[in-house]
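Position 1 is the first residue of the sequence; numbering continues from there.
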Amino acid sequence: MQISKNQLVKIKGRFEEFLSFKTVSIGGLIYSSEISKNSITLLNNGKIRLIDNQNNFSSKTLEIVSEPFLVGFENFFNINHRSEVRAYSQCEIININLEDLNEDDYSFMINLCKDQASTFEYLFIFSTLKNLKKNKYLIDPKLSFKEFKKNIKFQNDNITEEDQIIYLDRNIKGFRYGQIINGSIYKKFFGSEENPRIAILKRDFTKNFIEEIEIKKLESIPQDKKL
């Protein structure tokens with residue numbers, strides 16, 4: 001997740017006593033979903049390569065990015081999507097162990113990055129959409145990662161009943177991370193003062209397959225709360 005210098009300063013200030021600095025040489029492992037489940041990593045200096053080992057797109061390299069960058073944000077939601085990050089140049093990184101953080105710290109981080117998504121959250125969204133119908137892609141399999149990202153927005157102003165939404169926040173009201181809902185359901189359960197973290201599929205992206213989308217995760221909503 002590309003973050004601003006201001007966000008980096010806020011994170012470092014909030015968690016000053018928990019920061020663990022490390023230098024990583026070119027090609028060295030920065031982050032892996034297999035061994036970094038309980039941590040987040042800040043790129044303080046250098047460039048990193050974000051890798052998709054599941055080959056969802058034409059290249060395993062999803063992005064090459066520079067500091068400041070946050071890796072592992074999905075760990076706040078216990079989402080273990082296969083991911084790997086390696087140093088593209090010599091890097092200075094900062095690791096933060098999530099076991100050192102409390103509930104307020106979690107809320108601070110989620111609110112700070114509310115209108116953004118991590119690279120591997122985009123992969124999670126892509127996989128969710130791709131697997132809605134068995135053996136049939138609902139999105140163009142030739143789509144590049146960069147193009148796919150352009151079709152997701154995070155500002156939830158002016159949501160319509162037809163909007164297709166992916167819930168990307170902690171579990172509340174029977175909703176859980178990764179659940180697909182429409183704008184009508186969102187408006188029914190979340191008022192103007194409630195503003196959960198969500199991703200909205202742009203309408204020109206969904207128009208060719210919107211009728212195919214199954215709101216198949218609604219069984220997780222309690223029966224008395226369903227429409």
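Following chains of ILVMFWY side-chain contacts shorter than 4.5 Å, one can reach Leu19 starting from Leu8, so the two form part of one hydrophobic cluster.
Separation of atoms OG (Ser127) and CG (Asn56) is listed at 4.5 Å; rounding is to 0.5 Å. Note that the CD1 atom of Ile180 and the OH atom of Tyr167 stand 15.0 Å from one another [nearest 0.5 Å]. Residue Gln116 holds its CD atom at 13.0 Å from CG of Leu168, rounded to the nearest 0.5 Å. Here the CG atom belonging to Leu43 is positioned 14.0 Å from the CE atom belonging to Met1, to the nearest 0.5 angstrom.
Of the N and O atoms on the side chains of Tyr122 and Glu63, not one donor lies less than 3.5 Å from an acceptor on the other residue.
For the pair Lys47 and Tyr88, the cation-pi criterion (under 6.0 Å, within 45° of the ring axis) is not fulfilled.
Summarising the local packing, NZ of Lys22 is surrounded by 12 or fewer heavy atoms from other residues, nucleotides or ligands at distances under 6.0 Å. Counting heavy-atom neighbours within 6.0 Å of Lys114 NZ, excluding the residue itself, gives a total above 12.
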### Task
Step by step, work out the ring pair (Phe, Tyr, Trp, His ring centres under 6.0 Å) result for Phe76 and Phe73.
CA-CA 6 Å; Phe76 285 108; Phe73 184 77; 5.5 Å; yes

### Step-by-step side-chain hydrogen bond (donor to acceptor under 3.5 Å, both in side chains) determination, Ser25 to Gln90
CA-CA 5 Å; Ser25 300; Gln90 180 165 302; 4.8 Å; no

### Residue pair Ile3, Phe69: steps toward the side chain to side chain contact (heavy atoms under 4.5 Å, CB included) verdict
CA-CA 5 Å; Ile3 59 175; Phe69 201 87; 5.7 Å; no

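Proximity of a side-chain donor or acceptor of Glu67 to a complementary backbone N or O of Gly46 within less than 3.5 Å is detected.
The only option from Ile200, Leu201, Asp163 that meets the side chain to side chain contact (heavy atoms under 4.5 Å, CB included) definition with Lys153 turns out to be Ile200.
With ring centers used as reference points, Phe175 lies under 6.0 Å from Phe190.
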